[in-house]
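Structure first, then comments.
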Amino acid sequence: MSFLLSIGMQIADTARQLSDSVLSVADTVMSAGAVAGSVTDSGNSLWNWLCQWFQKMLSQENVGIYLIGFTAQLLFSARLLLQWLISEKTHKVQSPNIYWILSIAGAWLLTLYGWFREDFSIILGQIITYYIYMWNLRAKKIWQPLPRLLRWILVLTPVIALLFCLRDADRFFGSLFRNPDVSIGLLVFGSLGQVVFTLRFIYQIVYSYRHGESVLPVGFWLLSLVGATTIMAYGIVRSDPVLILGQSFGWVAYLRNIMIGFRQKKD
């Protein structure tokens, strides 16, 4: 447990060391905005609003955590891009090995991000899908060749994290559910988006199990589109760039996979 926690804290500490340089960039952007905004009053107001939003996201306290989240979303975006390109090339919706490898790597980092952000909806969205990714790795015959130590680390990480939470359950869940920045209504809304995103993988694993192979059916992409829209709206309200950028990219890929999937069914 201490080994995994130390890794997570080292990632966060290293990322936070970059905060001074990032904040200086934000200050430069604000200065440039003041000059550019002098052209018109309306332009000045819009630019100031954007810069204030930018500075809020890149505050000294949160910048390192955001870098962890952006790395996770980068892995998720990479898996989607590769899957999309392979599907376009073959004119069929594909479920390539790299999709599941990048999925489990991104899920581990995004869970860490949700932990540091004390955001229950993000953590909720990763717990179940984490093990579904493992099932697909096993179905693809990728899991077995992995070193035993790595397999044990991957299997036990969520369990150890859960046990760590339960060690101080009152403080942990109190901080998650009584976060002053997230109202109960907003928490429920964001959690619903994550539930839909989780349901897509439950649907995928049931569908794949029935067909005897790891596949990504049209229903998976339809649920992805609905979940992405909900999470994006939640991210906009929370001024969370990780959620906004991560879900924005997926929109195009989801729509294309739906189109390819329906065309594949007609053929």
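Values below: every heavy atom of this structure, side chains too, minus hydrogens, waters and symmetry copies.
- Ring-plane geometry between Tyr203 and Tyr207 is classed as tilted, the angle between the planes lying from 30 to 60 degrees on a 0 to 90 degree scale.
- In terms of hydrophobic clustering, with Ile, Leu, Val, Met, Phe, Trp and Tyr side chains grouped at heavy-atom distances under 4.5 Å, Ile231 and Phe70 are assigned to a common cluster.
- Taking all atoms of both residues into account, the shortest heavy-atom contact from Leu75 to Gly106 is CD1-N, 3.7 Å.
- Put simply, the side chain of Trp221 reaches to within 4.5 Å of the side chain of Val93, judged on heavy atoms.
- For residues 137-159, no residue pair satisfies the salt bridge (Lys or Arg N to Asp or Glu O under 4.0 Å) rule, not counting sequence neighbours.
- Two residues are said to be in side-chain contact when any heavy atoms from C-beta on lie closer than 4.5 Å; Lys89 and Leu85 fail this criterion.
- Both Ile142 and Trp135 are members of a single hydrophobic cluster when ILVMFWY side chains are connected at heavy-atom separations under 4.5 Å.
- The minimum heavy-atom distance linking Ala107 with Tyr130 is given by the pair CB-CD1, 4.1 Å.
- For Phe220 and Phe201, the ring centers sit closer than 6.0 Å to each other.
- Side chains of Arg79 and Ile98 form no contact here, defined as non-hydrogen atoms less than 4.5 Å apart.
- Every residue was checked against the side chain to side chain donor-acceptor pair (under 3.5 Å) condition with Tyr254, not counting sequence neighbours, and none meets it.
- Placement of Leu222 and Phe197 within a single hydrophobic cluster is found when ILVMFWY residues are connected by side-chain heavy-atom separations under 4.5 Å, directly or transitively.
- Taking every heavy atom of both residues into account, Ser103 and Phe76 meet most closely at O-CE2, 3.4 Å.
- In this structure, Leu102 CG and Leu82 CG are separated by 6.5 Å, a value rounded to the nearest 0.5 Å.
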What pairs of donor and acceptor atoms, side-chain ones from residues 255-262 against any protein atom, are under 3.5 angstrom apart with sequence neighbours left out?
{"from": "Arg256", "atom 1": "NE", "to": "Glu88", "atom 2": "OE2", "distance (Å)": "2.6"}
{"from": "Arg256", "atom 1": "NH2", "to": "Glu88", "atom 2": "OE1", "distance (Å)": "3.0"}
{"from": "Arg256", "atom 1": "NH2", "to": "Glu88", "atom 2": "OE2", "distance (Å)": "2.9"}
{"from": "Asn257", "atom 1": "OD1", "to": "Gln83", "atom 2": "NE2", "distance (Å)": "2.9"}
{"from": "Asn257", "atom 1": "ND2", "to": "Gln83", "atom 2": "OE1", "distance (Å)": "3.1"}
{"from": "Asn257", "atom 1": "ND2", "to": "Ala253", "atom 2": "O", "distance (Å)": "2.8"}

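- Of the N and O atoms on the side chains of Gln204 and Ser208, at least one donor lies less than 3.5 Å from an acceptor on the other residue.
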Under the side chain to side chain contact (heavy atoms under 4.5 Å, CB included) rule, what do Thr230 and Val196 come out as? Steps first, then yes or no, please. CA-CA 9 Å; Thr230 305; Val196 173; 5.7 Å; no
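- The shortest distance between side-chain heavy atoms of Ile68 and Thr71 does not fall below 4.5 Å.
- Here the side chains of Leu81 and Trp84 are in contact, with some heavy-atom distance below 4.5 Å.
- The two atoms that bring Thr198 and Thr129 nearest to each other are CA-CG2, 4.0 Å, heavy atoms only.
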Side chain to side chain contact (heavy atoms under 4.5 Å, CB included) between Gln73 and Leu110: does it pass, once the steps are laid out? CA-CA 8 Å; Gln73 292 293 2; Leu110 196 59; 4.2 Å; yes
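- Note on Tyr131: it clusters hydrophobically with Trp100, by side-chain heavy-atom contacts below 4.5 Å among ILVMFWY residues.
- One distance of note links CD1 of Ile132 with CD1 of Ile104; it measures 11.5 Å at 0.5 Å rounding.
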Should Ser214 and Ser95 be marked as a side chain to side chain donor-acceptor pair (under 3.5 Å) after you check the CA-CA gap, both sets of side-chain angles, and the distance that decides it? CA-CA 7 Å; Ser214 175; Ser95 174; 3.3 Å; yes
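- Under the 4.5 Å side-chain heavy-atom criterion for grouping Ile, Leu, Val, Met, Phe, Trp and Tyr, Leu80 is not connected to Ile86 through any hydrophobic cluster.
- To the nearest 0.5 Å, the span separating CG on Asn97 from CG on Asn136 amounts to 10.0 Å.
- Put simply, CE on Met232 and CH2 on Trp251 are 6.5 Å apart, with the number rounded to the nearest 0.5 Å.
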